[in-house]
Amino acid sequence: MADSHRSLSGLTHLDSEGRVRMVDVGDKAVTTRTATAEGVFRTRPDVVTMVAGDALGKADVLATARLAGIGAAKKTSELIPLCHQIPLDSVKVHFDLDDESGEILVRATAKTTGRTGVEMEALTAVSVAGLTLHDMVKAVDPLATMDGVRLAAKSGGKRGDWRREDHGTEPSGGIDDDDEGARPNSGPAALEVGRTGVVVVSSTAAARGDRTDTTGPAIEAWLRERGFSPVEVHVVADADVATAVTEHVRRSPAVLLTTGGTGVAPDDRTPEATAPHLTLELPGVAEAMRARGLAATPTAAMSRGLAGFAGRTLVANLPGSSGGVSDGLAVLDELLEHLLDVHAHGGGH
């Protein structure tokens, strides 16, 4: 137990015995502190146009979301148990609408003159503003999502100014103004923001619980070994694969891999669910996966799986068999990092 306490000693909301506590900030200096948080609300381009034109038939969507965010920031200490009650000098909530991508960037800046920071107030404002946007548009787009809520910048306090683009993802202990001496994490640098993976398993039998899926966990382990986190695995019935792919493409993970539904049976519709989302097809990658499978079994030629980019997301359809998944991952193993890097940043081969 003592080793466990030592491992938790850098967490500011735990005492030396590992018990939850509220940090005492009474001896800290009173300074002006600000924090900016951001998140992305993803919907359809036509819905963003409707929001901009106040055409949803409800109250002013953006004004309502802005008021909700400001009000939520003022109630942060009531919502999050260990946050301090602090006087807010100001809370500003701003929206940037992109009717081409179907995204609304939600940004909130909170300011206080006090002894502790306002990161949580800014994050709470963004979160509730995004939830309010969802509430306002759910009648026309129930698949809308609010993603990537995160701290963007802060100033004031003993650690001074901090900006995400200058530091990537800060190691633990690096930005918390309630910190009582915790040291930055000495381990490996944190993963690149947004380097997330999703696995959609298309299998009616597995979705019903009639059999245990093994392909999803295998792909999840493969992604995690290559530094993707978090990785979500969703097992859906074949009839629901189109909805699942659409939802996850809108969330813009770095990688979206599907398994199953690539054959010639009437309910094998994963390629059809994928095709409408591809903005850049990679037929050579799909052919390489089929060719690798053909070395072991002639039925690999029946796979109709696709590969390509849906916006910034690399999408690949893998077969539903463990052997097909192994073959597909072996091909991607040689190409994955290069594909992601060249597509995101350009450059030669």
*Beyond-backbone contact of Thr36 with Arg107, side-chain heavy atoms, under 4.5 angstrom*: yes

*asked:* Using a 3.5 Å distance criterion without hydrogens, assess whether the side chain of Asp89 forms a donor-acceptor pair with backbone atoms of Thr113.
replied: yes

*Please report the shortest heavy-atom distance between Gly293 and Ala300, naming the atom on each side.*
C-CB, 3.5 Å

*Do NZ/NE/NH1/NH2 and the carboxylate oxygens of Glu119 and Arg33 come within less than 4.0 Å?*
no

_Are Leu131 and Val149 connected into the same hydrophobic cluster when the rule is that any two of I, L, V, M, F, W, Y join if their side-chain heavy atoms are below 4.5 Å apart?_
no

*Report the distance from atom OG1 of Thr196 to atom CG of Leu256, rounding to the nearest 0.5 Å.*
10.0 Å

*Who are the ring pair (Phe, Tyr, Trp, His ring centres under 6.0 Å) partners of His234, not counting sequence neighbours?*
His248

_Under 3.5 Å: donor-acceptor pair, side chain of Thr313, backbone of Val255_ = no

*Linking I/L/V/M/F/W/Y whenever any side-chain heavy atoms sit under 4.5 Å apart, do Val51 and Val126 land together?*
yes

*For the atom pair OG1 (Thr262) and CG (Asn317), what is the distance rounded to the nearest 0.5 Å?*
7.0 Å

*Show your reasoning for whether side-chain contact (heavy atoms from CB on, under 4.5 Å) applies to Leu318 and Thr258.*
CA-CA 6 Å; Leu318 306 181; Thr258 69; 5.9 Å; no

*If only atom types and distance count, is the side chain of Thr259 paired as donor or acceptor with the main-chain N or O of Pro319 below 3.5 Å?*
yes

*Nearest 0.5 Å please: distance from the CE atom of Met146 over to the CD1 atom of Ile104.*
9.5 Å

*Can you check side chain to side chain donor-acceptor pair (under 3.5 Å) on Arg211 and Ser203, steps first, answer last?*
CA-CA 9 Å; Arg211 69 173 177 83; Ser203 170; 2.9 Å; yes

*Measure across Leu278 and Ala307 and return the closest heavy-atom pair with its distance rounded to 0.1 Å.*
CD1-O, 4.1 Å

_Non-hydrogen atoms of Pro45 and Glu100 that approach each other most closely_ = CG-O, 3.6 Å

_I need the minimum non-hydrogen distance between Gly216 and Val201, along with the two atoms involved._
CA-CG2, 3.8 Å

*Any chance you could lay out the side-chain contact (heavy atoms from CB on, under 4.5 Å) test for Thr243 and Leu143, step after step, and finish with the verdict?*
CA-CA 9 Å; Thr243 299; Leu143 292 177; 4.2 Å; yes

*Return yes if some donor-acceptor pair links the side-chain N/O of Thr145 with the main-chain N/O of Arg251 below 3.5 Å, else return no.*
no

*What closest approach, in Å, do Leu88 and Ala73 show between heavy atoms, and which atom pair accounts for it?*
CD1-O, 3.7 Å

*Measure the shortest side-chain to side-chain distance between Arg226 and Asp333 over non-hydrogen atoms and say whether it is less than 4.5 angstrom.*
yes

_How long is the straight-line distance from OG1 of Thr132 back to CE of Met136, given to the nearest 0.5 Å?_
8.5 Å

_Within this structure, what is the OG1-CG distance for the pair Thr299 and Leu294, rounded to the nearest 0.5 Å?_
8.5 Å

*asked:* Assess the residue pair Arg44 and Arg250 against the criterion (side-chain contact (heavy atoms from CB on, under 4.5 Å)); give the C-alpha distance rounded to whole Å, side-chain angles, the decisive distance to 0.1 Å, and a yes or no.
replied: CA-CA 9 Å; Arg44 301 194 308 265; Arg250 288 183 183 173; 3.3 Å; yes

_same_hphob_cluster(Phe228, Val233) at 4.5 Å side-chain heavy-atom cutoff_ = yes

*Hey, quick one: are Val61 and Ile70 part of the same hydrophobic cluster, counting side-chain heavy atoms closer than 4.5 Å, chains of contacts allowed?*
yes

*Check: Asp268 side chain, Ala265 main-chain N or O, donor-acceptor pair, under 3.5 Å*: yes

*Are any non-hydrogen side-chain atoms of Asp213 and Pro217 less than 4.5 angstrom apart?*
yes

*Should Lys138 and Asp141 count as an ion pair when the cut-off is N to O under 4.0 Å?*
no

*Do the side chains of Leu133 and Leu105 join up, straight or via other hydrophobic residues, at under 4.5 Å, putting them in one cluster?*
no

*Using 4.0 Å as the upper bound for N to carboxylate O, is an ion pair formed by Arg269 and Asp238?*
no

*Should Leu335 and Val285 count as side-chain neighbours, where that means a heavy-atom distance under 4.5 Å?*
yes

*Rounded to the nearest 0.5 Å, what's the gap from CG on Leu332 to CZ on Arg292? Could you check?*
10.5 Å

_Salt bridge flag under 4.0 Å for residues Arg304 and Glu272_ = yes

*Determine whether Thr274 and Pro271 make a side-chain contact, defined as any pair of heavy atoms from C-beta on separated by less than 4.5 Å.*
no

_Smallest separation among heavy atoms of Glu103 and Val48, with atom names_ = N-CG2, 3.9 Å

*asked:* Is the shortest side-chain heavy-atom distance between Thr124 and Leu79 below 4.5 Å?
replied: yes

*asked:* Looking at Arg290 and Asp327, is any side-chain nitrogen of the basic one under 4.0 Å from a carboxylate oxygen of the acidic one?
replied: no

*Using the test ring pair (Phe, Tyr, Trp, His ring centres under 6.0 Å), find all partners of Phe309 that sit at least two apart in sequence or belong to another chain.*
His343

*Report yes if some heavy atom in the side chain of Leu223 is under 4.5 Å from a heavy atom in the side chain of Val199; otherwise report no.*
yes

*Check the pair Val91 / Thr109 against side-chain contact (heavy atoms from CB on, under 4.5 Å), numbers first and verdict last.*
CA-CA 6 Å; Val91 179; Thr109 298; over 6 Å; no

*asked:* What I want to check is whether the side chains of Thr34 and Ser155 have a donor and an acceptor closer together than 3.5 Å.
replied: yes

*May I ask you to test the Val93-Leu67 pair for a side-chain heavy-atom distance under 4.5 Å?*
no

_Please check: side-chain N/O of Thr270 versus main-chain N/O of Gly260, any donor-acceptor pairing under 3.5 Å?_
yes

*Can you name the salt bridge (charged side-chain N to carboxylate O under 4.0 Å, His left out) partners of Arg66, sequence neighbours left out?*
none

